[in-house]
There are 2 protein chains.
Amino acid sequence: MKENSSGKFSAAVNCPIRQVLDRFGDKWSILVVELLSGKGRLRFSEIGQHIGDISQKMLTVTLRSLESDGLISREIFPEIPPRVEYELTALGKSLVPHIESLTGWGVEHLDAILQNRKAYELRQKKTTY
Amino acid sequence: MKENSSGKFSAAVNCPIRQVLDRFGDKWSILVVELLSGKGRLRFSEIGQHIGDISQKMLTVTLRSLESDGLISREIFPEIPPRVEYELTALGKSLVPHIESLTGWGVEHLDAILQNRKAYELRQKKTTY
DNA sequence: CAGAATCCGGCATGATACTG
DNA sequence: CAGTATCATGCCGGATTCTG
């Protein structure tokens, strides 16, 4: 593993950070984990309702992906009508604090970021570089 | 702001977590922040070289976006040939620990995740649900 | 109800050429 | 060197339909 002088991983192509980023770079995964963290155990339709604007397809894809990674478990109840419930695994739960660390930062600095964006926009209009 | 019984933000459409996710859901932003965190101050071409497989266009877009949010600063040296250097702002630096919290988790559990994926794949082949 | 399968458009991203 | 401008494209994700 290549490291730089400060002991951090490099951003090179084969950097393991990439694997993590590729995994959570999608639109919904983190959101689903967060949701399951707060609600505990939910069925398919409930997850969809809570998120609100996710399509059925993307919800399926996201859940399969999370299940494949072992972050959530999927239990099928052989009933009519069918019922499927999802919840975080131990691995999934171990991820939650780190996600909330990031989202916590976001919530805290969101206003500053939005103001920076606005200021940047104005500078672009006034000045022609 | 709507909250659920556990005190966490809901995953609803207007949830502020979305804003953070939308911001860092792209392929390169976090990587650039991490890189600048380790290297301190870099010029355009250096960032591109360290990352390796980013196109010039996407590097420009990513840097502009980060600058717009106030996470990195951009200094232009009026020389020939031109030189432009980037580094993290205080706001950008404040984000680093949270990113490393997440990537640290990823590095730690990457093997388990990859094994889960493999096991899941095998199950899909053997069993026909 | 919980999905699987299919089609399809748009945007993110890439490649290329040009400029100060 | 550090971009900008333009064109090309892949695949992400939405809408729809069908099934057990």
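The distance from atom CZ of B:Phe44 to atom CD1 of B:Ile76, rounded to the nearest 0.5 Å, is 12.5 Å. Atom CG of B:Leu102 is separated from atom CD1 of B:Ile99 by 8.5 Å, given to the nearest 0.5 angstrom.
Separating the CD atom of B:Gln124 from the P atom of C:dG3 is a distance of 12 Å, rounded to the nearest angstrom. Rounded to whole angstrom, the span from the CG atom of A:Asp22 across to the C1' atom of C:dT13 amounts to 14 Å. As rounded to whole Å, 17 Å separates atom P of D:dC1 from atom CD1 of B:Ile76. Distance A:Ile80 CD1 to C:dG3 C1': 13 Å, rounded to the nearest Å. Rounded to an integer number of Å, the gap from CG of B:Leu21 to C1' of D:dC12 is 16 Å. Nucleotide D:dT4 holds its P atom 9 Å from the CD atom of B:Gln56, rounded to whole Å. In this structure, the CD atom of B:Glu46 is 13 Å from the P atom of D:dG3, given to the nearest Å. In this structure, B:Ile51 places its CD1 atom 11 Å from P of C:dG14, rounding to the nearest Å.
For B:Ser45 and D:dA2, the shortest distance from a side-chain N or O to OP1 or OP2 is below 4.0 Å. Dashed line: the shortest gap from a side-chain N or O of B:Arg83 to OP1 or OP2 of D:dA2 is not under 4.0 Å. Using a 4.0 Å cut-off, some side-chain N or O of B:Lys27 falls inside it from OP1 or OP2 of C:dG14. At least one side-chain nitrogen or oxygen of A:Arg74 sits closer than 4.0 Å to the OP1 or OP2 atom of C:dG3. For D:dA2, one of the phosphate oxygens OP1 or OP2 lies less than 4.0 angstrom from a side-chain nitrogen or oxygen of B:Arg43.
Using a cut-off of 4.0 Å between Lys/Arg side-chain N and Asp/Glu carboxylate O, B:Arg41 and B:Glu75 are scored as salt-bridged.
Between B:Gln49 and A:Ser55, the residue anchored closer to the 5' end of DNA chain D is B:Gln49, taking for each the nucleotide with the nearest heavy atom. Residue whose closest nucleotide on DNA chain D sits further toward the 5' end, between A:Pro81 and A:Met58: A:Met58.
With hydrogens and angles disregarded, no donor-acceptor distance shorter than 3.5 Å links the side chain of A:Ser68 to the backbone of A:Arg64. Remark: side-chain polar atoms of B:Thr89 are paired, donor with acceptor, to backbone N or O of B:Gly70 under 3.5 angstrom.
Picking from D:dA2, C:dG3, C:dG14 the nucleotide with the shortest atom distance to the side chain of B:Val84 gives D:dA2. Set against D:dC1, C:dG14, C:dA4, the side chain of B:Lys57 has C:dG14 as its closest nucleotide.
Heavy atoms of A:Glu79 sit nowhere under 4.0 angstrom from any nucleic acid atom. Note on B:Tyr86: only backbone sugar-phosphate atoms sit closer than 4.0 angstrom, heavy atoms only; bases stay farther off.
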